[in-house]
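To keep things clear, I will list the structure first and then write my remarks on it.
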Amino acid sequence: MSINATLFVQLGVFLVLALFTMKFVWPPIAKALDERAQKIADGLAAADKAKSELTAVNKRVEAELSQTRNETASRLADAERRAQAIIEEAKARATEEGNKIVAAARAEAEQQAIAAREALREQVATLAVKGAEQILKKEVNAGVHADLLNRLKTEL
């Protein structure tokens with residue numbers, strides 16, 4: 001056999017093998033490669049979508065956290081204002097109650113002072129009558145001299 005004939009036979013076998021490969025082997029491999037490329041593209045698209053959703057969710061969470069912080073701060077401020085108002089109200093009530101107690105104590109002291117003055121006047125009048133009896137050496141009738149004794153009490 002000559003080299004040309006071998007070359008043509010080998011070329012024929014190669015072409016048959018190439019046609020067979022292109023007809024039966026290459027399409028499933030190409031299909032598998034295309035499916036793999038599509039899966040990779042879908043995975044990348046899903047990853048991008050998930051990343052954008054994660055970013056949106058993070059922004060929404062930050063907004064809600066900020067709103068919650070603001071609400072918490074306003075509630076704390078309201079609670080502090082209420083506490084101050086309650087404290088001020090309690091102080092006002094305590095002051096008012098203290099003033100009432102002081103006024104009642106003053107009124108009671110005034111009443112006791114008046115009662116003590118009256119008792120003292122009575123005692124002084126009695127002592128004056130006894131003193132007059134001693135000076136006059138006779139009995140002074142309180143019923144007869146009531147007008148005189150009343151004038152004496154008012155002068156004291």
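Sequential numbering from 1 along the given sequence is applied to the chain's residues.
Residue F24 holds its CZ atom at 10.5 Å from CG of L19, rounded to the nearest 0.5 Å. Between the CD atom of E80 and the CD1 atom of I87 there is a distance of 10.5 Å, given to the nearest 0.5 Å. For the atom pair E97 CD and N99 CG, the distance stands at 9.5 Å (nearest 0.5 Å). Remark: T72 OG1 to Q67 CD distance equals 10.0 Å, nearest 0.5 Å. The distance from the CE atom of M22 to the CG atom of L15 is 10.5 Å, given to the nearest 0.5 Å. Between I3 atom CD1 and Q10 atom CD the span is 8.5 Å, to the nearest 0.5 Å.
Distance alone, capped at 3.5 Å, places no donor-acceptor pair between the S66 side chain and the E62 backbone.
Considering T55, V61, V57 as possible partners of K59, the one that fulfils the side chain to side chain contact (heavy atoms under 4.5 Å, CB included) test is T55.
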Does the pair K51 and D48 meet the rule for a salt bridge (charged side-chain N to carboxylate O under 4.0 Å, His left out), with working shown? CA-CA 5 Å; K51 188 176 181 181; D48 286 342; over 6 Å; no

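Ion pairing between a basic and an acidic side chain is recognised when a charged N comes within 4.0 Å of a carboxylate O; E96 and K100 show such pairing. Salt bridge annotation for R81-D78: present, with a cationic side-chain nitrogen under 4.0 angstrom from a carboxylate oxygen.
Linking Ile, Leu, Val, Met, Phe, Trp and Tyr whenever their side-chain heavy atoms come within less than 4.5 Å leaves F20 and L11 in two separate clusters.
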